Amino acid sequence: VGKLRVGMINPKKIKGEDIFIGLAKEFKDIEFVYFSREDRQYGVDNITYKGWGSEPAKLFSSFDLLIAPSLWNEPFGRVAVEGIRSGIPVLVSNHGGIPETVTDSFVVKGDTLNEWKEKLIWLRENPQEVAEAWHLAKKPTESFVSERHNENLKSYFAEYLYQK
């Protein structure tokens, strides 16, 4: 098993960039990677800029764990759903609609670096528990998958349009 790779998409202050940087400084044995339209020049040895891309599968294959430490109440956590559907566990903050995309095991309740450190340590030290929790976390995302959503819409409108 290689070095654990933790990723973040489009880090910014409001999206928890300071948590991302803080975790990288704390966990020198973990590789932290991020995708963004700009190289943020963090100057931290174990943070790597990977550019930008429009193919989620390619982005998510670059890491083993996605973090979404958002500090604002995002209405919906699309990045978390895309990460889970791509086959990787996702740790999220407890703001807005993001926690609805995962099970409780993957929600970091507070916004402190220490709380994120504890969750990352739990994740590394309990692979079996994480695997079981992650398997359950995939279930809530089923309703967000576009094909299924589209089928539900078609079915609804078919019934509605063809009523006499």
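Values in this document were obtained by computation on a predicted structure and should not be read as measured data.
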Can you find a pair of side-chain heavy atoms, one from [X] and one from [Y], that are under 4.5 Å apart?
X      : Y      : result
Val108 : Ser93  : no
Ile21  : Phe32  : no
Glu125 : Val130 : no
Lys117 : Phe27  : yes
Val6   : Leu23  : no

Testing the basics here: between [X] and [Y], what is the closest heavy-atom pair and its distance to 0.1 Å?
X     : Y      : value
Met8  : Pro69  : CE-CD, 3.8 Å
Asn94 : Pro99  : OD1-CG, 3.6 Å
Asp64 : Ile88  : O-CB, 3.9 Å
Leu66 : Gly83  : CD2-CA, 4.2 Å
Glu26 : Leu113 : CG-CD2, 4.3 Å
Pro11 : Ser36  : CD-CB, 4.2 Å

How long is the span from the [atom1] atom in [X] to the [atom2] atom in [Y], to the nearest 0.5 Å?
X      : Y      : atom1 : atom2 : value
Trp52  : Asp39  : CH2   : CG    : 14.0 Å
Lys12  : Glu38  : NZ    : CD    : 7.0 Å
Leu91  : Ile98  : CG    : CD1   : 12.0 Å
Phe35  : Phe60  : CZ    : CZ    : 9.0 Å
Asp29  : Asn46  : CG    : CG    : 8.5 Å
Asn114 : Glu118 : CG    : CD    : 5.0 Å

Decide if atom CZ of Arg5 counts as having more than 12 heavy atoms of other residues, nucleotides or ligands within a radius under 6.0 Å.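 Above 12, so yes.
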
Within the distance-only criterion (no hydrogens, no angle test), does the side chain of Tyr34 pair as donor or acceptor with the backbone N or O of Phe20 below 3.5 angstrom?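 No; zero donor-acceptor contacts below 3.5 Å.
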
Give a yes or no on whether [X] and [Y] share a hydrophobic cluster (residues Ile, Leu, Val, Met, Phe, Trp, Tyr; joining criterion: side-chain heavy atoms under 4.5 Å apart).
X      : Y      : answer
Phe106 : Leu71  : no
Ile30  : Trp116 : yes
Ile67  : Trp72  : no

Run the side chain to side chain contact (heavy atoms under 4.5 Å, CB included) test on Thr101 and Val90 for me, step by step, so that the C-alpha distance in whole Å, both residues' side-chain angles and the decisive distance to 0.1 Å come before the verdict. CA-CA 9 Å; Thr101 61; Val90 182; over 6 Å; no

Could you go through the side chain to side chain contact (heavy atoms under 4.5 Å, CB included) check for His95 and Asp111 one step at a time? CA-CA 10 Å; His95 291 282; Asp111 296 328; 2.9 Å; yes

How far apart are the C-alpha atoms of Lys109 and Asp104, what are their side-chain angles, what is the distance that settles it, and do they pass the salt bridge (Lys or Arg N to Asp or Glu O under 4.0 Å) test? CA-CA 9 Å; Lys109 301 297 182 197; Asp104 266 1; 3.7 Å; yes

Output, in order, the C-alpha distance, side-chain angles, deciding distance and verdict of side chain to side chain contact (heavy atoms under 4.5 Å, CB included) for Glu74 and Ile14. CA-CA 10 Å; Glu74 293 194 42; Ile14 198 85; over 6 Å; no

Looking at Trp122, does the NZ or CZ of Lys119 lie under 6.0 angstrom from its six-membered ring centre and within 45 degrees of the ring axis?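 Yes, Lys119 lies over the aromatic ring of Trp122.
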
Go through the side-chain N and O atoms of Glu17 and Tyr42 and say whether any donor and acceptor fall under 3.5 Å apart.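 Yes - a donor-acceptor pair under 3.5 Å links their side chains.
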
